[in-house]
Amino acid sequence: MSTGCVIGVDLGGSKLLAGAVDPALNVHHRAIRPARGTGQSAVLDAVVGAVAEVRDAIEGASGRVEAVGFGIPCLIDQRHGVAVMAVNLPLVGVPFGDLMTERLGLPVFVDNDANTAMLAEWRYGAALGARDAAMLTLGTGIGGGLVVGGALQRGSQGAGAELGHMVVQAGGPRCQGNCPNRGCLEAMCSGTALAREALRMARERPDSGLGRAFAGGGEINGALVTELAHDGDAAAIDAIALIGRWLGVGISNLVNMLNPDVVIVGGGVIAAGELLLEPARAEVAERALSPSKEHVRILPARFGAESGMLGAAALALDGIGATGQRDG
Ligand SMILES: [Zn+2]
């Protein structure tokens with residue numbers, strides 16, 4: 001690795017992923033840490049620990065780390081590098097960029113995690129070549145990324161493209177964390193919403209695989225629901241289809257507003273694949289306007305749950321002027 005590499009960090013609402021990435025976007029080492037249910041200093045320590053682990057692995061193999069890029073689930077004041085608002089993590093008011101520069105001793109670049117995911121998919125992945133594109137990352141919450149007229153959009157203060165907080169059911173369930181709203185897309189089809197709906201179905205249908213897992217004391221989370229659905233359990237499939245339809249309601253709004261070439265769905269929940277996307281596409285076909293709905297492609301993220309980490313790395317590569325081309 002004579003050219004050196006960067007470290008991309010995707011700080012999600014429940015876990016963080018750090019990876020050493022070279023200018024061709026190959027990943028050389030990964031570190032994963034939990035990030036949920038802890039205070040601010042514990043989250044920041046987990047970030048520093050994960051970066052240190054990856055850096056040690058690279059430098060131990062005589063490689064060189066030149067910068068670190070972060071995607072964090074916060075609204076970020078880009079001029080000052082301060083996290084001004086975070087729905088699902090205790091990072092409000094934290095001068096994240098300065099803090100990490102000081103603790104890591106490397107150049108640091110910071111953006112919203114869904115923006116970095118959008119960047120990776122637009123530059124190298126499923127939205128390659130699109131002039132207008134949107135991305136939804138379905139995890140603990142729902143992040144949004146937007147490319148309009150060939151440029152990534154962050155809004156006038158860097159707080160824009162929060163597509164997960166568009167309302168799809170006024171008066172619906174309370175949204176999460178620090179969001180004061182009801183019936184946001186995030187409240188209807190995030191990984192958290194999937195677990196909630198699956199738990200309800202497990203109780204209603206005790207003879208299903210989902211019901212038996214619940215009776216056996218297993219935690220009903222997105223990963224379990226997805227696994228059961230891929231094994232053919234009807235209740236798990238129905239839970240995913242239900243949130244897939246809500247996803248389609250949200251995408252219909254995006255299609256009508258933006259007339260995008262492509263809408264990318266990423267985050268942990270996209271492990272459900274077509275079980276999630278087919279109901280979403282059916283909803284868009286029923287609700288959205290022509291010709292936009294015939295034009296748009298609704299696709300899974302090429303990089304799956306790694307889009308945010310790879311995009312954070314791409315941000316850092318851009319920052320040090322080492323942007324490369326991905327093979328293939
Ligand atoms: Zn909300």
Side-chain angles (χ1 to χ4, degrees), residues 10-13 70-76 78 83-89 110-123 125-127 130 132-149 151-169 175-181 183-193 243-244 246-270 276-277 280 284 288 296-301 303-305 307-312 315:
D10 181 11
L11 179 53
F70 289 95
I72 65 176
C74 303
L75 310 190
I76 298 154
Q78 286 288 342
V84 289
M85 174 22 200
V87 173
N88 292 310
L89 273 182
V110 186
D111 203 343
N112 174 272
D113 59 340
N115 288 348
T116 65
M118 178 85 260
L119 183 65
E121 293 294 332
W122 179 42
R123 190 80 69 71
D132 294 275
M135 179 159 186
L136 294 165
T137 58
L138 277 54
T140 308
I142 294 185
L146 207 52
V147 171
V148 175
L152 196 67
Q153 303 294 314
R154 297 183 177 87
S156 69
Q157 296 172 291
E162 283 293 325
L163 308 180
H165 297 279
M166 77 169 102
V167 176
V168 291
Q169 190 187 41
C175 195
Q176 308 188 137
N178 295 326
C179 177
N181 210 345
C184 294
L185 192 64
E186 175 164 318
M188 308 309 289
C189 67
S190 60
T192 310
I243 72 153
W246 283 113
L247 175 64
V249 175
I251 293 175
S252 298
N253 291 332
L254 296 174
V255 167
N256 288 343
M257 272 189 275
L258 302 166
N259 182 205
D261 301 304
V262 58
V263 175
I264 310 294
V265 181
V269 179
I270 196 56
L276 179 77
L277 293 184
V284 172
V296 69
R297 291 172 298 138
I298 299 168
L299 300 174
F303 304 118
S307 305
M309 182 273 284
L310 288 168
L315 188 72

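Residues Trp246 and Cys189 come closest through the heavy atom pair CB-CB, 4.2 Å. Considering every non-hydrogen atom in both Ala193 and Ala187, the closest pair reads CB-O, 3.5 Å. Residues Ser190 and Gln176 approach most closely at OG-OE1, 4.0 Å, considering heavy atoms. Smallest separation of non-hydrogen atoms from Thr140 and Thr192: O-OG1, 2.6 Å. When all heavy atoms of Asp10 and Met309 are compared, the closest pair comes out as CB-N, 3.5 Å. Of all heavy-atom pairs between Met166 and Gly250, the closest is CE-O, 3.4 Å.
To the nearest 0.5 Å, atom CG of residue Leu119 and atom CG of residue Asp111 are 8.0 Å apart. Between atom CE of residue Met118 and atom CG of residue Asp113 there is a gap of 13.5 Å, rounded to the nearest 0.5 Å. The distance from atom CG of Leu146 to atom CG of Leu152, rounded to the nearest 0.5 Å, is 8.0 Å.
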For this session: Any chance you could lay out the side chain to side chain contact (heavy atoms under 4.5 Å, CB included) test for Asn253 and Val168, step after step, and finish with the verdict?
Result: CA-CA 9 Å; Asn253 291 332; Val168 291; 4.1 Å; yes

For this session: I would like to know whether Leu138 and Val265 meet side chain to side chain contact (heavy atoms under 4.5 Å, CB included); could you show each step before the answer?
Result: CA-CA 7 Å; Leu138 277 54; Val265 181; 4.2 Å; yes

For this session: Apply side chain to side chain contact (heavy atoms under 4.5 Å, CB included) to Cys179 and Glu186, showing your working.
Result: CA-CA 10 Å; Cys179 177; Glu186 175 164 318; 5.9 Å; no

For this session: Before giving the answer on side chain to side chain contact (heavy atoms under 4.5 Å, CB included), spell out for Leu185 and Leu163 the whole-Å C-alpha distance, their side-chain angles and the decisive distance to 0.1 Å.
Result: CA-CA 8 Å; Leu185 192 64; Leu163 308 180; 5.8 Å; no

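In terms of modelled atom types and a separation under 3.5 Å, the side chain of Trp122 and the main chain of Ala130 share a donor-acceptor contact. In this structure, the side chain of Gln169 does not engage the main chain of Val167 through any donor-acceptor pair within 3.5 Å. The backbone N or O of Ala114 lies less than 3.5 Å from no partner atom in the side chain of Thr137, so there is not a single donor-acceptor pair.
You'll find the side chain of Ser252 reaches within 4.5 Å of the side chain of Val284, heavy atoms only. In this structure, Asn112 and Glu162 have side chains that are in contact, with non-hydrogen atoms separated by less than 4.5 Å. Using a 4.5 Å heavy-atom threshold, the side chains of Leu277 and Ile270 count as touching. Residues Cys175 and His165 meet the side-chain proximity criterion, which asks for heavy atoms closer than 4.5 Å. Proximity of Leu247 to Leu136: side-chain heavy atoms (C-beta onward) are separated by under 4.5 Å at one or more points. At least one side-chain heavy atom of Val269 sits under 4.5 Å from a side-chain heavy atom of Ile243. Considering only heavy atoms from C-beta on, Val147 stays 4.5 Å or farther from Asp132 through its side chain. Between Pro73 and Leu11 the shortest side-chain heavy-atom distance falls below 4.5 Å.
Of the candidates Leu258, Val262, Ile264, Leu258 is the only one forming a side-chain contact (heavy atoms from CB on, under 4.5 Å) with Pro260.
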